[in-house]
Amino acid sequence: MRVFFMVLILTLLSYHSASGASPSSRYLTDKQQRERNRLRLWQQAQHRTATSAQLLASASPEVKKRDRQLALSLLNRGIIPGDTGLGWAPLDPDELLRETGSPHLLATLEKVITILEAQIGLPYRWGGQTPTQGFDCSGLVWFAFREYVNWPLPRTASGLFNDKRMAAVSSRRLRRGDLLFFTIHRQTQPDHVGIYLGNHQFIEAPRTGLAIRISQLDTPFWQQHYAGARRVLSETTLRDAHPTSLPHSF
């Protein structure tokens with residue numbers, strides 16, 4: 001019995017000592033624990049990175065071929081392999097150019113995307129086609145592509161959709177820079193257009209009261225109203241020499 005009481009007293013004393021620790025000492029203990037956790041997670045991440053590199057280096061030709069095919073499938077959907085963090089085998093620059101077209105076409109497409117991304121957040125304005133005015137949906141397309149195609153672009157969504165100089169593209173073959181068309185208020189002709197960015201995303205000037213934004217193509221609303229796609233930039237539609245006198249902004 002005496003031993004039992006001694007153990008009980010020692011337990012109570014230990015609990016009192018722990019509960020009576022100062023706030024500063026408890027904070028120091030928590031900080032040390034967080035630092036240990038961060039170090040452990042960093043070491044685990046370094047180990048995973050090293051392991052992945054070793055596996056890639058020692059992969060069989062069959063595995064390398066499969067990874068390359070996966071990378072190309074991402075590329076066909078407008079996703080540049082190596083920039084996604086998904087772990088697919090990256091394509092070297094020469095192979096990237098061979099798979100996407102000429103260097104001129106690829107460079108032009110990236111210029112168009114840069115122009116489009118610079119307009120995000122600007123207001124929708126019916127009839128607008130410059131950054132100072134704001135943009136409507138087809139005005140945004142006209143502004144981004146006007147210097148890079150070899151014919152005058154139509155100025156309405158339906159006009160763009162029906163332009164025979166642009167090839168129709170199935171939803172499974174969408175690429176970065178393709179035009180996406182929707183029937184929002186009309187049933188027979190598209191009245192809205194956006195530009196595909198890859199990974200089921202597109203940029204659009206939506207409607208009055210909203211700003212230019214990036215939207216998700218695979219949401220139910222856009223799937224319900226989707227009318228088709230057109231490829232505006234190709235080897236046959238690309239302007240050979242870009243004029244330098246036209247400004248990118250007004």
Side-chain angles (χ1 to χ4, degrees), residues 74-80 83-84 105-106 108-149 151-163 165-234 237 248-250:
L74 288 175
L75 186 63
N76 286 332
R77 302 206 314 269
I79 307 169
I80 304 300
D83 292 342
T84 62
L105 179 59
L106 184 61
T108 300
L109 178 58
E110 290 309 307
K111 289 178 182 178
V112 168
I113 297 301
T114 299
I115 292 172
L116 288 167
E117 290 176 341
Q119 315 312 317
I120 292 175
L122 293 180
Y124 177 93
R125 182 72 55 83
W126 187 84
Q129 57 185 28
T130 69
T132 53
Q133 296 172 340
F135 293 95
D136 61 18
C137 64
S138 57
L140 181 63
V141 171
W142 179 87
F143 179 77
F145 288 94
R146 74 196 192 285
E147 293 188 26
Y148 303 108
V149 293
W151 84 98
L153 282 173
R155 188 51 188 81
T156 64
S158 60
L160 289 164
F161 183 78
N162 292 308
D163 194 319
R165 284 164 288 202
M166 292 186 286
V169 183
S170 72
S171 59
R172 294 184 179 181
R173 303 298 298 175
L174 287 175
R175 288 187 182 178
R176 190 170 166 89
D178 289 344
L179 303 185
L180 307 178
F181 294 89
F182 306 90
T183 52
I184 307 297
H185 303 290
R186 303 175 184 174
Q187 297 298 321
T188 57
Q189 286 291 322
D191 55 359
H192 187 59
V193 60
I195 304 96
Y196 190 60
L197 298 176
N199 202 23
H200 304 290
Q201 294 182 327
F202 67 100
I203 187 170
E204 58 157 344
R207 59 179 173 81
T208 301
L210 296 178
I212 295 172
R213 65 187 183 184
I214 294 176
S215 299
Q216 285 291 136
L217 179 61
D218 53 357
T219 57
F221 175 83
W222 293 115
Q223 288 297 302
Q224 180 182 357
H225 295 281
Y226 183 70
R230 299 289 184 268
R231 183 153 297 157
V232 61
L233 273 185
S234 67
T237 63
H248 284 289
S249 61
F250 294 83

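Model, not experiment: these values are computed from the prediction. Keep in mind that the numbers below use all heavy atoms, side chains included, and drop hydrogens, waters and symmetry copies.
- Tyr148 contributes atom OH, which lies 5.5 Å from atom NZ of Lys111 (distance to the nearest 0.5 angstrom).
- Two residues are said to be in side-chain contact when any heavy atoms from C-beta on lie closer than 4.5 Å; Val141 and Val232 fail this criterion.
- Ring geometry for His192 versus Trp222: interplanar angle under 30°, hence parallel rather than tilted (30 to 60°).
- Closest of all the heavy-atom pairs between Ala227 and Thr183 is CB-CG2, 4.1 Å.
- Annotation for Val169 and Arg173: closest pair CG1-O, 3.4 Å, computed over non-hydrogen atoms.
- With 3.5 Å as the limit, one finds a donor-acceptor pair spanning the side chains of Gln129 and Arg155.
- No side-chain heavy atom of Arg125 sits under 4.5 Å from any side-chain heavy atom of Thr130.
- Atoms CD and CG, from Gln189 and Asn162 in turn, are 4.5 Å apart once rounded to the nearest 0.5 Å.
- Atom CE of Met166 sits about 5.0 Å away from atom CG of Leu160, to the nearest 0.5 Å.
- The backbone N or O of Leu106 lies less than 3.5 Å from no partner atom in the side chain of Glu110, so there is not a single donor-acceptor pair.
- Looking at Leu180 and Leu174, their side chains come closer than 4.5 Å, going by heavy atoms from C-beta outward.
- Of the candidates Phe161, Phe202, Phe221, Phe202 is the only one forming a ring-ring contact (aromatic ring centres under 6.0 Å, His included) with Phe182.
- The two residues Ala229 and Tyr226 make their nearest non-hydrogen contact at CB-OH, 3.4 Å.
- To the nearest 0.5 Å, the span separating NE2 on His200 from OG1 on Thr219 amounts to 11.5 Å.
- Rounding to the nearest 0.5 Å places CZ of Phe135 at 5.5 Å from CD1 of Ile212.
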>> side-chain contact (heavy atoms from CB on, under 4.5 Å), that's the test. Do Ile195 and Val112 meet it? Break it down for me.
In response: CA-CA 10 Å; Ile195 304 96; Val112 168; 5.7 Å; no
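- For the pairing with Ile113, the side chain to side chain contact (heavy atoms under 4.5 Å, CB included) check across Thr108, Ile203, Leu197 returns one residue only, Leu197.
- Nearest heavy atom pair, residue Asp191 against residue Cys137, reads O-SG, 4.2 Å.
- Residues Ala157 and Phe181 come closest through the heavy atom pair O-CE2, 3.2 Å.
- Separating the OH atom in Tyr124 from the CD atom in Glu204 is a distance of 10.5 Å, to the nearest 0.5 Å.
- Counting all heavy atoms, side chain and backbone alike, Ile214 lies closest to Gln201 at CG2-CB, 3.9 Å.
- Counting heavy-atom neighbours within 6.0 Å of Arg207 CZ, excluding the residue itself, gives a total of 12 or less.
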